[in-house]
Amino acid sequence: MPTVLLVADRQSVIDHVRASLSAPDMFVIEHRDPETAAGVAYEEDVDTVLVDMRVGSMGAMAVTRALRAAADDRDPIPVTIYIDRDADNFIAGRSGADRWVPKSASASELRAAVTPNGADA
């Protein structure tokens, strides 16, 4: 069962992701504080991280970079950024994220994006 760390602070985003990823074969951990997300990701040994593009004061780019820095000598955890608009593709690509998916994506597209070895962005 893949474990997804959802880094988001808006309830509407959390509710949408929960509804999209709700299945017996997936476990979602909600985390609202982008500043502590990297530590939590490695402490909880999650399989992947889904970051809202506009989370808190840091944003997805900073969260992704913090996750990469926290990896140390471990394999980095795959990161998917949940983007708001097409213009965010550039930022998501520059962040070092593995994938990015628009908020308008279907539930199956979101599941594929956050599933390890899932579809590429």
Side-chain angles (χ1 to χ4, degrees):
M1 167 186 332
T3 301
V4 178
L5 178 67
L6 168 61
V7 184
D9 56 1
R10 290 184 300 170
Q11 193 61 47
S12 61
V13 171
I14 294 167
D15 292 345
H16 181 73
V17 170
R18 275 245 176 242
S20 296
L21 300 183
S22 175
D25 64 339
M26 191 167 288
F27 182 67
V28 177
I29 299 171
E30 297 171 17
H31 191 73
R32 293 178 181 259
D33 182 3
E35 293 183 23
T36 60
V40 169
Y42 285 98
E43 288 169 17
E44 295 291 331
D45 195 28
V46 300
D47 297 299
T48 190
V49 177
L50 175 63
V51 185
D52 183 13
M53 184 68 181
R54 309 219 185 287
V55 65
S57 60
M58 289 179 67
M61 184 176 226
V63 173
T64 301
R65 289 185 173 173
L67 281 157
R68 296 298 182 242
D72 294 324
D73 60 346
R74 301 172 280 202
D75 287 334
I77 297 171
V79 177
T80 301
I81 296 179
Y82 206 33
I83 62 173
D84 295 299
R85 49 201 174 120
D86 289 340
D88 294 335
N89 287 326
F90 176 76
I91 295 170
R94 298 286 304 213
S95 72
D98 299 279
R99 299 181 181 100
W100 44 96
V101 63
K103 290 181 180 172
S104 61
S106 68
S108 62
E109 290 168 325
L110 181 57
R111 286 179 61 82
V114 300
T115 301
N117 302 319
D120 290 328

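What you see is a predicted model, and the numbers here were worked out from it, not measured in a lab. The analysis underlying the following values was restricted to heavy atoms, covering all of them including side chains, and did not include hydrogens, waters or symmetry mates.
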[X]: which residues meet the salt bridge (Lys or Arg N to Asp or Glu O under 4.0 Å) condition with it, sequence neighbours left out?
X     : answer
Asp25 : Arg111
Arg85 : Asp88
Arg18 : Glu30

Considering all heavy atoms, the nearest [X]-[Y] contact:
X      : Y      : value
Ala71  : Pro76  : CB-CA, 4.1 Å
Val63  : Ala37  : CG1-CB, 4.2 Å
Ala8   : Val55  : CA-CG2, 3.8 Å
Gly56  : Pro34  : CA-CG, 4.1 Å
Ala113 : Val101 : CB-CB, 4.0 Å
Leu67  : Ala41  : CD2-CB, 3.6 Å

Which residue pairs pass the side-chain hydrogen bond (donor to acceptor under 3.5 Å, both in side chains) test when at least one of the two sits in residues 70-83, sequence neighbours left out?
His16-Tyr82
With sequence neighbours left out, what residues match [X] under side-chain contact (heavy atoms from CB on, under 4.5 Å)?
X      : answer
Ala92  : Ile81, Ile83, Trp100
Ala70  : Ala38, Tyr42
Thr3   : Phe27, Ile29, Val46, Asp47
Ser106 : Ser108, Glu109

Flag side-chain contact, heavy atom, 4.5 Å: Asp52 against Lys103:
yes
Applying side chain to side chain donor-acceptor pair (under 3.5 Å), can you list everything that pairs with [X], at least two apart in sequence or on another chain?
X     : result
Thr36 : His31, Asp33
Gln11 : Asp15, Arg32
Glu44 : none

Nearest 0.5 Å, please: how far is CD1 in Ile77 from CG in Leu5?
8.0 Å
Distance from Leu21 atom CG to Leu110 atom CG, nearest 0.5 Å?
4.5 Å
Contacts satisfying salt bridge (charged side-chain N to carboxylate O under 4.0 Å, His left out) that involve residues 57-70 (not counting sequence neighbours) are Arg68-Asp98
